[in-house]
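Let me begin by presenting the structure, written as structure tokens, before commenting on it.
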Number of protein chains: 2
Amino acid sequence: MVRVKDPQHPELAEMTLTDVMAALSDPIRIGLVRLLSDGHERGWGELRTPVSKSTLSHHLRVLRAAGLTRTRQEGTRCYVVLRREDLHARFPGLLDAVLTAADSEDVGNQVGLATGRPPT
Amino acid sequence: MVRVKDPQHPELAEMTLTDVMAALSDPIRIGLVRLLSDGHERGWGELRTPVSKSTLSHHLRVLRAAGLTRTRQEGTRCYVVLRREDLHARFPGLLDAVLTAADSEDVGNQVGLATGRPPT
DNA sequence: TTCGATGTTCTACGAACATCGAACAAGAGG
DNA sequence: CCTCTTGTTCGATGTTCGTAGAACATCGAA
């Protein structure tokens, strides 16, 4: 049994439009992409979503499989970053258009960062 | 029983990004959009797809419900046209980016026009 | 009015998906 | 070693989706 430990990121040429579109048809995943749109790498723990960790893991896997994000593992922690350049090279303008649209109607606003302190 | 005969096209403000993305995550529907991307109005009968007419009707309904297309009925015939201006006003650049991407990998090439045509 | 062409709707079904909790694996730190 | 944290994977479940066929509605034409 091969432990699929490889994050299996698709190459540029392996990305398909339908996969990307499907990945971006979920509010949570759009929220995650918006969160990552500043280009900063984020740790799993920073991500605040209204879903359980297993579901979050699933969504992050979908994003990764579609080629939207890149995942890096460091110890027990995982970090994720948006593949802006790759996306732009493969589907010019698509990501920007989606981000603009997502901002305009605030899609995935339920997804946030853990930057805020624990409420006193 | 109210016959919902109205094609129910969403207003500009009623379009949602997730609906549009979901509508465009299917190869057949992308093919239809590509076919309509020249701005010409097309009749149902001109559309050649590898699916049954009920399924085609379903796909056209999804596109219409997402606000991507506008349907007009004339007699027993129906005509469909892409809502380019509306799309551009609501989600600037999105449609163009998708069309460019779709062209680059020839998504939905199974959808075509009734080239040959008039049977006698 | 009867027939044929054109779409829509109903119903059904398998596949895919979103979701969760529980069990599991791998490091980090005592 | 043991324990805690972090993330993955594995069922299980309910929902949505894509698909087709049959029945129905509508209009034009004979």
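Worth knowing before you read on, the calculation uses all heavy atoms, side chains too, and leaves out hydrogens, waters and symmetry mates. Chain letters run A, B, ... following the sequence lines, proteins first, then strands; residues in each count from 1.
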Whole-Å distance, B:Glu74 CD to D:dG28 C1', equals 13 Å

After noting the C-alpha distance and the side-chain angles of A:Arg84 and A:Asp38, does the key distance pass the salt bridge (Lys or Arg N to Asp or Glu O under 4.0 Å) rule?
CA-CA 10 Å; A:Arg84 293 208 72 143; A:Asp38 60 5; over 6 Å; no

A:Arg72 CZ to D:dG7 C1', in whole Å, measures 15 Å

In A:Leu35, A:Leu95, A:Leu63, the residue satisfying side-chain contact (heavy atoms from CB on, under 4.5 Å) with A:Leu82 is A:Leu95

Taken to the nearest whole Å, CE/A:Met21 to P/C:dA16 is 21 Å

For B:Glu85 and B:Arg90, what are the C-alpha separation, side-chain angles and deciding distance, and is it a salt bridge (Lys or Arg N to Asp or Glu O under 4.0 Å)? CA-CA 9 Å; B:Glu85 290 74 18; B:Arg90 186 76 178 83; over 6 Å; no

Side-chain atoms of A:Asp26 come closest, of C:dA18, C:dA26, D:dC27, to C:dA18

Distance alone, cut at 3.5 Å: any donor-acceptor contact between the side chains of B:His59 and B:Arg29?
yes

In numerical order, the residues of residues 52-61 of chain B whose heavy atoms come under 4.0 Å of DNA chain C are B:Lys53, B:Ser54, B:Ser57, B:Arg61

Between CH2 of A:Trp44 and P of C:dG27 the distance, given in whole Å, is 16 Å

Residues B:Thr55 and B:Ser52: side-chain donor-acceptor under 3.5 angstrom
yes

Next item on the list: Would you please confirm or rule out a distance under 4.0 Å between OP1 or OP2 of D:dT26 and any side-chain N or O of B:Arg77?
Entry: no

Atom CD of A:Gln73 and atom C1' of C:dA26 are separated, to the nearest Å, by 8 Å

Among the nucleotides C:dA18, D:dT8, C:dA26, whichever has the atom closest to the side chain of A:Thr76 is C:dA26

Atom OH of B:Tyr79 and atom C1' of C:dT6 are separated, to the nearest Å, by 11 Å

Here the pair of heavy atoms bringing A:Pro27 nearest to A:Gln110 is CB-NE2, 4.3 Å

Which of B:Leu87, B:Val20, B:Leu24 passes side-chain contact (heavy atoms from CB on, under 4.5 Å) with B:Leu94? It is B:Val20

Separation of D:dG7 atom P from A:Arg64 atom CZ, nearest Å, is 12 Å

If pairing means Watson-Crick or G-U wobble with both distances under 3.5 Å, then the partner of D:dC27 is C:dG4

By the Watson-Crick or G-U definition, both distances under 3.5 Å, C:dA25 is matched with D:dT6

